[in-house]
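The structure appears right after this line, and notes come after that.
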Amino acid sequence: MSGDNTPQEQDLEKETAAETDGGTHARSPAAAGTNPSESQGKASSVLQQIMGGSGIVSVLAVVLSMILGGLLIAVTNERVTATALYFFTRPMDMLAAAWNAASSAYVALFKGAIFNSDADTVSAMFRPFTETLTVATPLVLAGLGVALAFRAGLFNIGAQGQIVLGATFAGWVGFTLDLPVGVHLVVAIIAGFVGGALWGGIAGVLKARTGAHEVIVTIMLNYIAINLVAFLLFTPAFQNPGSSNPISPPIKETALFPLLLGSGFRLHLGFLVALAATYGIWWLLNRSTIGFELRAVGANPHAARTAGISVAKGYIVVMLIAGGLAGLAGVAQISGTERVLTGGIAASFGFDAITVALLGRSHPWGVFFAGILFGAFRAGGVQMQTQTGTPIDIVLVVQSLIVLFIAAPPLVKAIFRIDVKKKKKRQPRVAATVGGAA
């Protein structure tokens, strides 16, 4: 906590830290095994340990995943396989082929995601980075929703459905209403936020009122949202007139995000919305009373309840905001890039957002940069496959390895030989005095 906290907040933080020392609840033996929410506490403790690692572990997890991905590229390369047949005669041939396969794939990935030095014009050279930011926009927004729920001790696996509902609400406003320029876009953004918030709020209310596990609820809500939109796209209210395909009418120009760099680029105003949302969630968590209460609930709901914080209210509020953020990701899709509502409007952004939140350690700015990294993977993966023939699935493998290493910080530390010695706890001064007197 920062030094701006009130004395009451500092007292609660001390109480929370005492009960969650190192992610382990320090309860009396009498209480152990009798609390009906003990399993939830253990799950929350595991989540805190995954999220609580240092930033260097996240960086090393990405590096290690890229190395293993390069090895996989080399192993599946035809040239490497051919030179392996005479490895013991000319080992350098296979090693050179392996290096060329991995390096050329990653160079193509870089050129497709960051900077293409082979392009004819300056704008074309920087276009890959604008594509990365475009793809990263819904990842950042949905990742913030997942991360915010994580900070409150909840597993929001429903970002996919929340994106779909946000896009559905914003899409209906976009192709149905006739509003002035500026007003139409604002109304569409609000509608998308409300749609995602309502879908996330369902899980929050069920969690708060009935104790239903949010993982099961949000997963089921994903399926409901996807099939609901599939049904709506065959109804007269949503299907494009004169078309037999499940697709909506195009969004009106007044409800579209303006392009930031002109018609030659796809980067739109939604990226600035994602940037503002990142700062807003950072402020909420670190500078507001609501954010303090949400973090207290996530650290230890029992201590928070003892301090007078309504845990049930915290669950509802955090899922409303988290769902709204994912709904904004849906707005970025339909008013920014897709411009029509389809059954695949959410792509896999909702599931990738979980990985983004994990890599970002549930910190807003960490999520922002993790979203850009994964946006680069998505944007550059296509060119990597086109230029080198490397399967784009390699990108998915690298992303999966990142999640694996993020979830196992001791493994990363052991591989890179990072000192993990624990600091010795200082003995209480009172105990030292008693010992001296004895």
Side-chain angles (χ1 to χ4, degrees), residues 50 53 55-119 128-129 131-132 135-136 139 143 347-349 351-361 369-418 420:
I50 293 175
I56 189 63
V57 173
S58 299
V59 175
L60 293 178
V62 175
V63 172
L64 188 58
S65 301
M66 296 288 285
I67 293 174
L68 293 180
L71 292 176
L72 183 60
I73 293 172
V75 169
T76 57
N77 183 266
E78 295 181 357
R79 175 61 180 168
V80 175
T81 304
T83 55
L85 298 176
Y86 54 90
F87 172 75
F88 292 102
T89 304
R90 299 172 60 182
M92 292 305 298
D93 286 0
M94 193 194 79
L95 295 178
W99 170 257
N100 289 333
S103 61
S104 60
Y106 283 143
V107 167
L109 180 68
F110 179 84
K111 289 182 178 180
I114 305 298
F115 182 80
N116 186 7
S117 58
D118 298 331
F129 186 63
E131 284 297 306
T132 291
V135 177
L139 284 172
S348 63
F349 287 116
F351 301 113
D352 291 343
I354 301 173
T355 310
V356 169
L358 286 171
L359 181 59
R361 298 288 182 183
F369 291 109
I372 292 179
L373 174 63
F374 276 70
F377 283 151
R378 276 176 167 264
V382 177
Q383 184 160 341
M384 181 180 70
Q385 184 177 29
T386 302
Q387 289 190 357
T388 66
T390 304
I392 197 172
D393 294 335
I394 293 294
V395 173
L396 300 178
V397 172
V398 172
Q399 293 178 355
S400 301
L401 288 172
I402 290 174
V403 176
L404 173 64
F405 293 127
I406 287 292
L411 176 60
V412 177
K413 293 178 180 179
I415 292 175
F416 288 96
R417 299 182 179 276
I418 298 177
V420 293

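Here the structure is a predicted model, which means the values were calculated and not measured.
Side-chain atoms of S117 and K111, non-hydrogen and from C-beta on, do get closer than 4.5 Å to each other.
For the atom pair L85 CG and R90 CZ, the distance stands at 13.0 Å (nearest 0.5 Å). Rounded to the nearest 0.5 angstrom, T355 OG1 and L373 CG are separated by 11.0 Å. Expressed to the nearest 0.5 Å, how far CD1 of I73 lies from OG of S104 amounts to 8.0 Å. N116 contributes atom CG, which lies 12.5 Å from atom CD of E131 (distance to the nearest 0.5 angstrom). Note that CG of N77 is 11.5 Å distant from CE of M94, once rounded to the nearest 0.5 Å. Taken to the nearest 0.5 Å, the CG atom of L358 stands 11.0 Å off from the CD1 atom of I402.
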Enumerate donor-acceptor pairs with a distance under 3.5 Å from any side-chain N or O in residues 374-383 to protein atoms, sequence neighbours excluded.
{"residue": "R378", "atom": "NE", "partner": "D352", "partner atom": "OD2", "Å": "3.3"}
{"residue": "R378", "atom": "NH2", "partner": "S348", "partner atom": "OG", "Å": "2.5"}
{"residue": "R378", "atom": "NH2", "partner": "D352", "partner atom": "OD2", "Å": "2.7"}

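In plain terms, the two heavy atoms of M66 and V398 that are nearest each other are SD-CG1, 4.0 Å. The two residues G69 and I394 make their nearest non-hydrogen contact at O-CG2, 4.4 Å. In terms of heavy-atom proximity, A136 sits nearest to I372 at CB-CA, 3.7 Å. The two atoms that bring A357 and G143 nearest to each other are CB-O, 3.8 Å, heavy atoms only. In terms of heavy atoms, S65 sits closest to F405 at OG-CD1, 3.4 Å. M384 approaches A105 most closely through the heavy-atom pair CG-O, 3.3 Å.
Around the CZ atom of F129, the shell of radius 6.0 Å holds no more than 12 heavy atoms that belong to other residues, nucleotides or ligands.
Residues passing the side chain to side chain donor-acceptor pair (under 3.5 Å) test with T390 are T388, sequence neighbours excluded.
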Carefully, step by step, assess V395 and Q385 under the rule side-chain contact (heavy atoms from CB on, under 4.5 Å). CA-CA 10 Å; V395 173; Q385 184 177 29; over 6 Å; no
Evaluate the criterion side-chain contact (heavy atoms from CB on, under 4.5 Å) for residue pair I406 and R361; output intermediate values, then yes/no. CA-CA 9 Å; I406 287 292; R361 298 288 182 183; 4.1 Å; yes
One pair to check against side-chain contact (heavy atoms from CB on, under 4.5 Å): T81 and E78. What are the steps and the verdict? CA-CA 5 Å; T81 304; E78 295 181 357; 5.6 Å; no
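Side-chain atoms of N100 come within 3.5 Å of backbone N or O of A96 as a donor-acceptor pair. Side-chain atoms of Y86 never come within 3.5 Å of backbone atoms of D93 as a donor-acceptor pair (strictly under, hydrogens ignored).
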